[in-house]
Amino acid sequence: MTKDIQSIRQTLTGISGVPVTPYDASGAINEKLLSKLIAGLAGAGIHNLMAAGNTGEFFSLSLDEIRRVHAVTAEAAGGRALVSAAVGRSLVEAKALARDAISAGCGAIMSHHPMDPFAGPAAQVDYFLSLADAATVPVIAYVRTDTFSVGDFRRLGAHENIAGVKFASGNLMLLADVIRQTKDLPTIWVCGLAEAWAPAFYAIGAQGFTSGFVNVFPQISLSVHAALTRGDYPAARELIDRFAGFEELRTHYRNGSNVTVVKEALAILGHEVGAVRLPGVPKLAPTERRELEAIIQAQMALA
């Protein structure tokens, strides 16, 4: 077992924020602005920063760009937050990215779900396990399917170097069954569908949640987490309802605007992070932008 896995598990019961990747006018990564944004999230008290996750446009970045995001994030966090380096694509590439991220100072590895169109469910589990075997820091498995059996999830949870599973399926009956049948295992089951789903996940035994909204208003996300931690579901729901319109905008274009909304919200707040790369939706329609501006203004008035 790698050292510090228990502290990693404890951190996963908090918020796993997924920072955006900002670009400059030429379309290259704006490392100076990335460093500033990461410092702000770490300073706000976000527990875990998943560098180059989906909100960071992992699949639109080159491998070298992913390495730079990992390195800049680790340096900017400065030990104030766990940095989990997102890796993926082929298993060879994932292992290479993980090695470099560890060398750059990242404290954990977050493995994206294997997206091969011909992948078998049990073989996808083997992908995670092989990466966990190779990594010298704890691994978080990002599962975006409900095709894994309970036995498959037990294999993940039983691995001594898998700290947690980011469960990003809405099949809560499956997750409830998994949690019931893995009570003997130390793995943390994390809500991978952000704040809106977190109350339901917590109610069946998950701990912690991921967030892209945290890029914009981290204090609101922290208040949601505090409410869920103390079991105050009405307070959590009231807070989540405040930004329901924000999350609804992110679902447009079959979720193609997921990152777009976050980036344009940051631009409204004065951070020019650049447009989302294709095949994400680069820019919101004018009517959507006006709606987003109204949402941001309302949140700022309540702050």
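- With no hydrogens or angles considered, no side-chain donor-acceptor pair links D100 and S103 at under 3.5 Å.
- No hydrogens or angles considered: nothing links the side chains of D64 and S62 as a donor-acceptor pair under 3.5 Å.
- For T251 (side chain) and E248 (main-chain N/O), a donor-acceptor pair under 3.5 Å exists by modelled atom type.
- L97 is listed as a side-chain neighbour of L63, based on a closest heavy-atom distance under 4.5 Å.
- A donor-acceptor contact shorter than 3.5 Å is absent between the side chain of E247 and the backbone of A196.
- Placement of V259 and I46 in two distinct hydrophobic clusters is found when ILVMFWY residues are connected by side-chain heavy-atom separations under 4.5 Å, directly or transitively.
- Here the straight-line distance linking atom CZ of R67 with atom CG of L61 works out to 12.0 Å at 0.5 Å rounding.
- No side-chain heavy atom of L175 sits less than 4.5 Å from a side-chain heavy atom of S169.
- Ring geometry, H225 versus H47: the interplanar angle falls from 30° to 60°, so the pair is classed tilted.
- Side-chain contact between L269 and M300 is present, with at least one heavy-atom pair separated by less than 4.5 Å.
- With S211 contributing its side chain and V214 its backbone, the two residues share a donor-acceptor pair below 3.5 Å.
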For a side chain to side chain contact (heavy atoms under 4.5 Å, CB included) check, start with the C-alpha distance between N161 and D133, then their side-chain angles and the critical distance, and finish with the verdict.
CA-CA 7 Å; N161 198 35; D133 283 340; over 6 Å; no

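- Side chain of T21 to backbone of A52: no donor-acceptor contact under 3.5 angstrom is found.
- In this structure the side chain of L37 never reaches within 4.5 angstrom of the side chain of N215, judged on heavy atoms.
- The cluster map of Ile, Leu, Val, Met, Phe, Trp and Tyr, joined by side-chain heavy atoms under 4.5 Å apart, puts I140 and L185 in different clusters.
- In this structure, a donor-acceptor pair under 3.5 Å is absent between the side chains of T11 and N48.
- A salt bridge does not link E65 to R68: none of the charged side-chain nitrogens sits closer than 4.0 Å to a carboxylate oxygen.
- Shortest non-hydrogen contact noted between R9 and H159 is NH2-O, 4.5 Å.
- Under the 4.5 Å side-chain heavy-atom criterion for grouping Ile, Leu, Val, Met, Phe, Trp and Tyr, W197 is connected to I179 within one hydrophobic cluster.
- Residue T260 comes nearest to P282 through the heavy atom pair CG2-O, 3.6 Å, listed as atom of the first residue, atom of the second, then distance.
- When hydrophobic clusters are built by joining Ile, Leu, Val, Met, Phe, Trp and Tyr residues whose side-chain heavy atoms come closer than 4.5 Å, directly or via intermediates, Y233 is grouped together with V224.
- Side-chain atoms of D152 and T147, non-hydrogen and from C-beta on, never get closer than 4.5 Å to each other.
- Nearest heavy-atom pair across S60 and R89 is N-NH2, 4.3 Å.
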Evaluate the criterion side chain to side chain contact (heavy atoms under 4.5 Å, CB included) for residue pair L292 and I268; output intermediate values, then yes/no.
CA-CA 9 Å; L292 179 60; I268 292 167; 3.9 Å; yes

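- Around atom CZ of R254, no more than 12 heavy atoms belonging to other residues, nucleotides or ligands sit under 6.0 Å away.
- Y127 contributes no side-chain N or O that, together with a main-chain N or O of A122, makes up a donor-acceptor pair within less than 3.5 Å.
- Interatomic distance, CG of N171 versus OG1 of T145, reported as 9.5 Å (0.5 Å rounding).
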F167 vs L174, test: side chain to side chain contact (heavy atoms under 4.5 Å, CB included). Steps then yes/no.
CA-CA 10 Å; F167 188 93; L174 171 61; 4.3 Å; yes

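- Classification of E238 and R242 as a salt-bridged pair fails, no side-chain N sitting under 4.0 Å from a carboxylate O.
- Atom CG in L228 sits 9.0 Å away from atom CZ in R230 (nearest 0.5 Å).
- Using a 4.5 Å heavy-atom cutoff, the side chains of Y23 and K263 are in contact.
- Pairing each heavy atom of A108 with each of V137, the nearest pair is CA-CG2, 3.6 Å.
- In this structure, F246 has its ring center closer than 6.0 angstrom to the ring center of F213.
- Across every non-hydrogen atom of I109 and L131, the tightest pair is CG2-CD2, 4.2 Å.
- Remark: aromatic rings of F209 and F201 are distant, center separation not under 6.0 Å.
- Annotation: R289, atom CZ; neighbour count of heavy atoms from other residues, nucleotides and ligands within 6.0 Å is above 12.
- Aromatic rings from H112 and Y142 are positioned such that their centres are separated by under 6.0 Å.
- Residue E288 places its CD atom among more than 12 non-hydrogen atoms of other residues, nucleotides or ligands, all under 6.0 Å distant.
- Applying the 6.0 Å contact sphere to CD of E75 captures no more than 12 heavy atoms from other residues, nucleotides or ligands.
- Side chain of Q124 to backbone of P114: a donor-acceptor contact under 3.5 angstrom is found.
- Distance alone, capped at 3.5 Å, is enough to place a donor-acceptor pair between the H113 side chain and the R144 backbone.
- In this structure, L172 is a member of the same hydrophobic cluster as F153, with clusters built from ILVMFWY side-chain heavy atoms closer than 4.5 Å.
- Expressed to the nearest 0.5 Å, how far OG of S35 lies from CG of N30 amounts to 10.0 Å.
- Between D184 and R154 there is a salt bridge, since at least one side-chain N of the basic residue sits less than 4.0 Å from a carboxylate O of the acidic one.
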L12 and Q207: side chain to side chain contact (heavy atoms under 4.5 Å, CB included), yes or no, with the steps?
CA-CA 7 Å; L12 291 179; Q207 301 177 73; over 6 Å; no

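- Expressed to the nearest 0.5 Å, how far OG1 of T73 lies from CG of L34 amounts to 4.5 Å.
- For S223 (side chain) and Q219 (main-chain N/O), a donor-acceptor pair under 3.5 Å exists by modelled atom type.
- Smallest separation of non-hydrogen atoms from A74 and V83: CA-CG2, 4.0 Å.
- In this structure, V143 and V125 have side chains that are not in contact, with every pair of non-hydrogen atoms separated by 4.5 Å or more.
- Here the side chains of F59 and P279 are not in contact, with every heavy-atom distance at 4.5 Å or above.
- Going from atom CD1 of I162 over to atom OG1 of T187 covers 7.0 Å, rounded to the nearest 0.5 Å.
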